[in-house]
Amino acid sequence: MATTIYDWPEDLLPGSYQFYPVFQTTDRAEATNGFSRSLGYVAASWRLKLENIPQYTSDQVRKLRKIVGYMGGDTQLVRIRLPDLYGAGGRLTQEKYDIDQRRKQYPKGEPFSDGTFFDDGYGFAIESDYTQFLEQDSGLNDQRLYVSGLTLPEGVYVSIDDFMYTVVDTSTPGQIDIRPPLRKAATAGTAIESEPVFIGYCITSNPGAYSLNSAGNGRVTLEFQEDLRRLRE
């Protein structure tokens, strides 16, 4: 069965969430000089826990049942817009969602009104308040990216080609440092999304099991692990 990516319903926002890197490290290896090291961020993957997902209306209950059915345990992937109040642009709004949909519709930029593009095949950049683009090609495992556009704040999450990163340094104009290192090579013009998305599979045991009170209300918690198998596709 082919793996499919399903979008998390935007109106099933959790009451709280946990988001952190899981370091896939082995025991620290000690060299003859007494120093030791672990694999660190190179082998890290993200984990997202959505806590207290509201189940107060029939629409919310049915949407959760639907996405749980699509997930098939951990066999299918879910794309979740990170509900981060401290992101570059704050929490997701309808306007930001519409911009994201336009970017998906026109990955090379919006065309002219007659549907044509510039001679190089690209259209007009679709920008938000903090949109940045790669100024030059970046290779696998690069940690320093050369960019154009407005400066992102340090300490925010971004996504590039649907993989998530933390911006750790923007002190030098025209460049940003990210962690973990770039998961896959990216070409000049690739957008650095300030409204990041997380793509992963559910790791909650029995994700379809939840209880509703006598009034038919309840809350559910689900946990997801970032999917890195996409790097082999």
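With rounding to the nearest 0.5 Å, the separation of OG1 in T166 from CZ in F19 is 7.0 Å. Between the CD1 atom in I203 and the NZ atom in K49 there is a gap of 9.0 Å [rounded to 0.5 Å]. Of the inter-residue distances, the one linking T190 atom OG1 with I160 atom CD1 reads 8.0 Å to the nearest 0.5 angstrom. Going from atom CD1 of I178 over to atom CD of Q143 covers 7.5 Å, rounded to the nearest 0.5 Å. Here the straight-line distance linking atom CD1 of I176 with atom OH of Y146 works out to 11.5 Å at 0.5 Å rounding. Rounded to the nearest 0.5 Å, atoms CG (L50) and OG1 (T221) are 8.5 Å apart.
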**OP:** Report the C-alpha distance between E193 and S159 in whole Å, list the side-chain angles of each, state the deciding distance to 0.1 Å, and finish with yes or no for side chain to side chain donor-acceptor pair (under 3.5 Å).
**Re:** CA-CA 5 Å; E193 304 288 355; S159 57; 5.9 Å; no
Original post:
Yes or no on side-chain contact (heavy atoms from CB on, under 4.5 Å) for L64 and L222, after CA distance, side-chain angles and deciding distance?
Top reply: CA-CA 11 Å; L64 184 64; L222 295 175; 4.1 Å; yes
Original post:
Between D177 and R144, is a side-chain contact (heavy atoms from CB on, under 4.5 Å) present by the stated rule, with each step listed?
Top reply: CA-CA 4 Å; D177 288 359; R144 176 161 296 166; 2.8 Å; yes
Subject >> Test side-chain contact (heavy atoms from CB on, under 4.5 Å) applied to D162 and R230, step by step >> reply: CA-CA 10 Å; D162 284 343; R230 293 173 291 144; 3.8 Å; yes
Subject >> Stepwise side-chain contact (heavy atoms from CB on, under 4.5 Å) test for L77 and R229 >> reply: CA-CA 11 Å; L77 301 179; R229 295 169 296 184; 3.8 Å; yes
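Between E154 and V168, the shortest heavy-atom contact is CD-O, 4.0 Å. Of all heavy-atom pairs between V158 and S194, the closest is CG1-CA, 4.4 Å. Residue S45 comes nearest to E226 through the heavy atom pair CA-OE1, 3.5 Å, listed as atom of the first residue, atom of the second, then distance. Between A186 and L134, the shortest heavy-atom contact is CB-CD1, 3.5 Å. Nearest approach of N141 to P181, heavy atoms of both residues: O-CB, 3.3 Å. Here the closest heavy-atom approach between residue N52 and residue S16 is recorded as ND2-OG, 4.1 Å.
Residues that satisfy the side chain to side chain contact (heavy atoms under 4.5 Å, CB included) test with S113, not counting sequence neighbours, are absent from this structure. Applying the side chain to side chain contact (heavy atoms under 4.5 Å, CB included) rule to P9 yields the partners D11, L12, K63, I67; only residues at least two apart in sequence or on another chain are considered.
Counting heavy atoms from C-beta outward, R47 and Y20 have side chains that approach closer than 4.5 Å.
Of the possible donor and acceptor atoms, none in the side chain of E51 sits under 3.5 Å from a partner among the backbone N and O of G15. The closest donor-acceptor contact from the side chain of Q76 to the backbone of T4 lies under 3.5 Å. A donor-acceptor pair under 3.5 Å is formed between the side chain of T204 and the backbone N or O of E223. Y165 places a side-chain N or O within 3.5 Å of a backbone atom of R183 that can act as its donor or acceptor partner.
Within a 6.0 Å sphere centred on CG of D119, other residues, nucleotides and ligands contribute 12 heavy atoms or fewer.
No single ILVMFWY cluster, assembled from side-chain heavy atoms under 4.5 Å apart, contains both L231 and L140.
Side-chain atoms of D169 and S171 form a donor-acceptor pair, as typed in the model, at a separation below 3.5 Å.
Between Y157 and F198, the gap from one ring centroid to the other reaches at least 6.0 Å.
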